[in-house]
Asker: 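Before I ask anything, here is the structure I am working with.
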Amino acid sequence: MNGLDGQGFEEEMCMTSLCLEVDPNAGACLQEQLRKTLLEAIRMGSLPSEDALPSCRKLSQQLGISRNTVAIVYEKLVEDGYLISRPRSGYYLHPDYSDPQSTLSSSLTALTETNNGAISAPNWHKRIAQRPTNYQGILKPGNWSEYAYPFIYGQLDTRLFPLAQWRDVSRRLLSSQRDKPWLRDRIDQDDPLLIEQLRKRILPRRGIFARSEEILITMGTQNALYLIAQLLCHRGTRVALESPGYREAMNVFAQRGACLQLQTVDTEGMRLEGSQQCDYLYVMPSHQVPTGVTMSRERREALLAQLPHHDQIVIEDDYDAEIHGDQFALPALKASAQSARIIYMGSLSKALSPGLRMGYVVADAEVIDELRALRRMMYRHPPAALQHQLAQFISQGYYERYLKLHVEEIDRRRDTMRLAIDQALPGCLSHSSSRSSAFWMEADAGIDTQRLAWHAAQRGVLIEPGFQHFFDAAPPRRFFRLGFGAIERERIDPGIQHLGLAYDNALSTLTTGT
């Protein structure tokens with residue numbers, strides 16, 4: 001163990017490893033250089049509070065300076081309150097400086113900047129070529145799980161995840177004595193077993209029959225959408241979007257400089273008037289976001305009929321195909337005779353876990369080849385180990401059994417939610433189809449749902465105001481969305497009751513004018 005006994009080796013392994021540098025030829029003395037370097041590390045929050053700093057011996061060897069020099073600096077920092085010394089253990093960061101946002105850390109920032117002189121920071125405002133922060137995202141609090149009644153869409157109750165089966169697959173993969181190709185870099189290729197499972201088990205449920213070269217794995221449908229926009233869109237490309245619609249889709253196309261044409265949504269899905277002049281149409285025919293409306297058969301036929309006449313391409317987002325559980329659902333547009341003019345996007349994350357970030361694109365082989373090359377330049381391929389584990393999870397029948405139970409639970413939650421809404425929010429109108437994965441609600445005239453969301457939050461109820469899904473300059477304020485995938489079924493009814501009280505108060509305020 002390089003001269004260390006077992007205890008000494010263990011202590012060395014528990015120490016923080018720091019890359020520091022001092023210059024014996026610099027004007028400042030070594031003690032001052034080391035002190036400033038350590039203070040800068042504390043200021044930046046780079047020292048973990050639970051691990052010991054390198055020992056005096058180790059740091060002196062690393063820097064090529066005397067052990068006494070390091071000891072003097074450490075002791076001085078202890079005296080000044082930046083470090084603490086624990087007998088027979090070492091030197092540690094003082095707990096007061098463990099949070100870089102604390103008042104003490106802020107004062108340390110001012111101190112180090114004063115001691116180091118004026119800092120010449122780059123002018124990032126001039127250097128940044130584009131501003132993604134200018135594009136508004138979908139507003140959801142990061143602490144949504146702390147709410148008692150989180151009626152939020154796009155998240156799942158983690159208790160539903162098939163952890164035992166997922167662990168079983170993982171254990172088999174790790175314990176197998178066979179070669180483990182998922183440990184290697186696949187360059188730009190996907191796991192062949194996952195592609196095979198998509199071809200034979202997943203896509204046929206939507207009426208899609210594709211060859212392996214027509215499928216690409218992505219880091220979720222959002223990543224798929226970004227890749228497609230990067231490949232096909234440029235300044236002036238005309239794209240039709242549903243409004244209200246999926247804001248992040250609008251952001252992706254707008255970032256590419258596309259000309260966006262907003263198409264209103266009614267009870268039959270996206271209206272087609274004026275869409276014939278567009279190059280691409282981004283649509284969600286199964287369950288539109290955020291309304292949950294299903295595109296009617298007549299509207300689908302009209303959409304498909306216009307594609308060859310106007311040389312158009314449809315980008316079909318079938319995000320919830322795995323979870324709506326509708327055995328009578330219409331096939332995907334990609335299953336039609338116009339398949340060559342449709343780029344299909346699907347997700348495996350919506351049913352299992354949004355944290356998996358696993359989606360796919362189905363398109364003509366020429367398009368997939370270019371998307372694969374573009375993906376290679378970004379991140380080569382999604383994690384091979386995750387792809388293979390998911391492929392095994394599907395091939396061993398775990399996914400099918402889980403999906404059946406998951407859909408049954410989602411159905412129960414949807415039914416519970418519908419009944420609770422009828423009782424507690426009788427004045428609200430639901431526009432979603434019968435098997436959508438959220439409720440798109442329209443409140444009484446005069447109700448501002450952003451204000452309603454704030455009052456509901458005071459009662460522990462989290463809802464999503466609908467204005468952020470409209471792309472107009474003055475979006476309507478009377479819509480809101482209620483998801484039910486993240487909330488426990490037994491909490492749905494009391495949560496809607498609390499929302500009903502907040503809603504009644506809002507109505508009362510309208511009536512009295514107070």
Side-chain angles (χ1 to χ4, degrees), residues 153-154 156 198 201-210 215 218 220-222 224-225 228 240-249 263-272 275 280-304 307 313-339 341-352 354 358-363 403-404 406-407 410-411 413-414 430-440 469 481-485:
Y153 180 73
L156 291 178
L198 286 171
R201 291 176 180 257
I202 306 298
L203 292 173
R205 289 202 288 259
R206 299 296 293 130
I208 300 173
F209 302 95
I215 303 173
T218 64
T221 50
Q222 182 66 37
L225 186 59
I228 292 168
L241 292 171
E242 299 159 325
S243 182
Y246 181 42
R247 177 164 290 276
E248 293 292 15
Q263 307 290 135
T264 57
V265 177
D266 61 19
T267 57
E268 295 187 71
M270 185 177 78
R271 297 180 63 88
L272 302 178
S275 67
Y280 300 94
L281 296 90
Y282 172 75
V283 297
M284 296 179 170
S286 179
H287 290 111
Q288 197 268 345
V289 166
T291 66
V293 168
T294 298
M295 183 177 284
S296 67
R297 187 184 298 274
E298 293 73 21
R299 189 72 55 83
R300 290 168 187 243
E301 292 174 353
L303 171 61
L304 293 170
L307 299 184
I313 300 295
V314 162
I315 302 171
E316 180 181 11
D317 190 343
D318 205 11
Y319 67 97
D320 75 342
E322 291 294 284
I323 60 174
H324 60 65
D326 186 359
Q327 58 178 325
F328 303 109
L330 294 172
L333 297 178
K334 181 67 176 172
S336 70
Q338 296 297 334
S339 174
R341 291 190 171 271
I342 297 169
I343 299 174
Y344 179 88
M345 302 188 306
S347 172
L348 293 169
S349 302
K350 282 289 187 288
L352 281 169
M358 195 63 67
Y360 50 92
V361 179
V362 184
L403 199 60
K404 181 177 183 297
H406 179 79
V407 169
I410 290 299
D411 285 348
R413 295 187 186 196
R414 185 189 298 109
S430 174
H431 293 276
S432 303
S433 63
S434 61
R435 301 194 70 83
S436 63
S437 47
F439 286 83
W440 180 247
H469 296 283
R481 183 166 64 175
L482 295 172
F484 47 85

Asker: Checking E242 side chain against G269 main chain: does a donor-acceptor pair fall under 3.5 Å?
Answerer: no
Asker: Mind checking whether T294 and R299 have side chains closer than 4.5 Å, heavy atoms only?
Answerer: no
Asker: Applying side chain to side chain contact (heavy atoms under 4.5 Å, CB included), can you list everything that pairs with R201, at least two apart in sequence or on another chain?
Answerer: Q197, I394
Asker: I want to check something: taking the side chain as every heavy atom from C-beta on, are Y246 and Y282 in contact at a cut-off of under 4.5 Å?
Answerer: yes
Asker: Identify the residue among L304, V314, I313 that makes a side-chain contact (heavy atoms from CB on, under 4.5 Å) with R341.
Answerer: I313
Asker: Between G245 and P290, what is the shortest heavy-atom contact and its length?
Answerer: N-CD, 3.7 Å
Asker: Look only at the side chain of R206 and the backbone of A321, and say whether a donor-acceptor pair between them is shorter than 3.5 Å.
Answerer: no
Asker: Using only atom types and a distance under 3.5 Å, with no angle test, would you say the side chain of S347 pairs donor to acceptor with the backbone of G359?
Answerer: no
Asker: Report yes or no: does R414 contribute a side-chain atom to a donor-acceptor pair with the main-chain N or O of A438 at less than 3.5 Å?
Answerer: no
Asker: In the structure I gave you, are the side-chain heavy atoms of L225 and T221 within less than 4.5 Å of one another anywhere?
Answerer: no
Asker: Looking at every non-hydrogen atom in both residues, tell me the closest pair between G485 and I410 and how far apart they are.
Answerer: CA-CD1, 4.3 Å
Asker: Can you tell whether the side chains of K334 and E316 come within less than 4.0 Å, N to carboxylate O?
Answerer: no
Asker: Let me confirm one number: the CE-CE distance from M295 to M270, rounded to the nearest 0.5 Å.
Answerer: 5.0 Å
Asker: For residues E322 and R205, determine if any side-chain heavy atom of one lies less than 4.5 Å from a side-chain heavy atom of the other.
Answerer: yes
Asker: Within a strict 4.5 Å, meaning less than it, do heavy atoms of the D320 and R435 side chains meet?
Answerer: no
Asker: Measure the spacing between CG of L303 and OG of S336 and express it to the nearest 0.5 Å.
Answerer: 9.0 Å
Asker: Looking at OG of S339 and OH of Y344, how far apart are the two atoms once the value is rounded to the nearest 0.5 Å?
Answerer: 11.5 Å
Asker: Using the side chain to side chain donor-acceptor pair (under 3.5 Å) definition, which of the options S433, S436, S432 pairs with H287?
Answerer: S433
Asker: Using side-chain heavy atoms (C-beta onward) and a distance below 4.5 Å, is W440 in contact with H469?
Answerer: yes
Asker: What's the separation between atom CG in L352 and atom CD1 in I323, rounded to the nearest 0.5 Å?
Answerer: 10.5 Å
Asker: Write down the atom of R300, the atom of P285, and the distance for their closest heavy-atom approach.
Answerer: NH2-O, 3.2 Å
Asker: Between CD1 of I343 and CG of L333, what distance do you get to the nearest 0.5 Å?
Answerer: 13.0 Å
Asker: Is any side-chain heavy atom of L203 less than 4.5 Å from a side-chain heavy atom of I215?
Answerer: yes
Asker: Considering non-hydrogen atoms only, spot the tightest contact between A351 and L156 and give its length.
Answerer: O-CD1, 3.5 Å
Asker: Kindly compute the distance separating CG (L241) from OH (Y280), expressed to the nearest 0.5 Å.
Answerer: 13.5 Å
Asker: Do you know which two heavy atoms are closest between S275 and A240, and how far apart they sit?
Answerer: CB-CB, 4.5 Å
Asker: For P244 and V265, work out which heavy atoms get closest and say how close.
Answerer: O-CG2, 3.9 Å
Asker: Got I202 and Y360 here, is their nearest side-chain heavy-atom distance under 4.5 Å?
Answerer: yes
